[in-house]
Amino acid sequence: MAQLELKNIKKTFDHTTVLEDVNVTVNDSEFVVLVGPSGSGKSTILRVIAGLENPSEGEICLDGKKINKLLPKDRDIAMVFQNYALYPHMSVKDNLAFPLKMLKLSSDQIDKNVNETAELLGISQHLLKKPRDLSGGERQRVALGRAIIRKPKLFLMDEPLSNLDAKLRTQMRTELLKLHSSLNATVIYVTHDQIEALTMGHRIVVLNHGRVQQIDTPHNIYHNPGNAFVAGFIGNPGVNFFDAKISSKNNISVGKQSFSVNIPENIYNFMLKKNCLNKDILLGVRPEHLALCDLDIGIVLNGKVDLVEMLGNEYLIYATFHEHVNKRCCIKLNSLLNVKQGTAIKCSIDLKYAHFFDKESGVLIS
Ligand code: ADP
Ligand code: MG
């Protein structure tokens, strides 16, 4: 049970700034996911919280108390890594008991806690085995068990599932969430996988180049991305971007082509207010919001299908629209439709589902 606050955290390594202006509050019992590309500073944030690195500036507060000066062992924080280091020569039972022996608990108490934890994680039948006799998923559970057994205030998890195969990862995702609700623990979970972030987080912190880009619920991160980076990073694949310009109430150009369409009033008024009329903007459209069509009504782009990826229930269609953008776009379609590589297509954009970003700064306009 704990609330964690990071206030204006900055971290530099040899004059290179890897974290800047990091302000995050994680509430008691919350499951917060930290997501970002590789090298964006996720592990460094966890290491700063755990006390394995000192921040160059800023405060770390646990339940309102500043803990910058506390040693890692005195912070009551447990960390689970991708490379779960179990002691190979010890049984599962001894691996689980190890942190409690360090705390000098009685052997009765240790046995009780080991049995409870093993039961919670479904590994009771493996207590006498050595780690090498377990599957990857079982080993990861033992590592989790070793973290939860001493009931710390806060759990830090650094990509704990990334060594598991896809199916097991999905299964462990659900199990971790169940475990979280039964422990009522505060968790900060790091991943580079945006699907993991969307499925697991109460809230998501999106990080890029050591700076927080957006903190919000998965729903809002997906549907109301705060900037072009978040829009492009979250989603599989992310938002498609088109160079665009709105010049009047009934004109928008997308790439080189201008379209006479009614701009929805709220969008037009906002562009007016923000001085964004006639300015270069980015029009962002999710792959599922690009629709195939037959007629040139509204904003319709002419393109060619380069590649079709079958995902079971849907196709990911990669297409180029040479007259409009030089980048390849992605369209999600029901796979019962018949679309072939090399064919010409028309694609319409509904501005109701579009996002508008400042081209220079990438900041959302709306
Ligand atoms: P992530 O976990 O998001 O992949 P990291 O937090 O591991 O990213 O790293 C962020 C940046 O900080 C990277 O550019 C990395 O090279 C750098 N970095 C991390 N630890 C150190 C260190 N001990 N010394 C120098 N640079 C480091
Ligand atoms: Mg990392």
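Worth saying up front: this structure is predicted, and the values here are computed from it rather than measured. Order of listing sets the numbers, starting from 1, for every ligand and every atom in it.
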Would you tell me whether [X] and [Y] have side-chain atoms, one donor and one acceptor, within less than 3.5 Å of each other?
| X | Y | answer |
| --- | --- | --- |
| Asn250 | Ser248 | yes |
| Glu119 | Asn115 | no |
| Asp306 | Gln341 | no |
| Asn313 | Ser335 | no |

Students should be able to answer this: which protein heavy-atom is nearest to [atom], and at what distance?
| atom | value |
| --- | --- |
| atom 7 (O) of ligand 1 | Ser43 CB, 3.7 Å |
| atom 4 (O) of ligand 1 | Gly39 N, 2.7 Å |
| atom 19 (C) of ligand 1 | Phe13 CE1, 3.6 Å |
| atom 11 (C) of ligand 1 | Val18 CG1, 3.6 Å |
| atom 8 (O) of ligand 1 | Gly41 N, 3.3 Å |

Per-atom contacts of ligand 1 with Pro37, taking only distances under 4.0 Å to non-hydrogen atoms: 3 (O)
Any Gly210 heavy atom less than 4.0 Å to ligand 1: no
Close N or O approach (Thr44, ligand 1; < 3.5 Å): yes
Polar contact flag for Lys42 and ligand 1 (N/O pairs, less than 3.5 Å): yes
Parallel, tilted or perpendicular: rings of His289 and Tyr353 (30°, 60°): parallel
Aromatic plane relationship, Phe233 with Phe229 - under 30° parallel, 30 to 60° tilted, over 60° perpendicular: parallel
Pair His180 and His202, ring centroids less than 6.0 Å apart: yes
Lys/Arg N to Asp/Glu carboxylate O, Asp158 vs Lys42, below 4.0 Å: no
Glu175/Arg141 salt bridge by N-O under 4.0 Å criterion: yes
Under 2.8 Å from the Mg ion (ligand 2), the protein N, O or S atoms, given as residue and atom: Ser43 OG
Distance flag for atom 15 (C) of ligand 1, protein heavy atom under 4.0 Å: no
Residues which pass salt bridge (Lys or Arg N to Asp or Glu O under 4.0 Å) with Lys11, listed by chain and number, not counting sequence neighbours: Glu53
Lys273 charged N/C atom sitting above Phe270 aromatic ring, 6.0 Å / 45°: yes
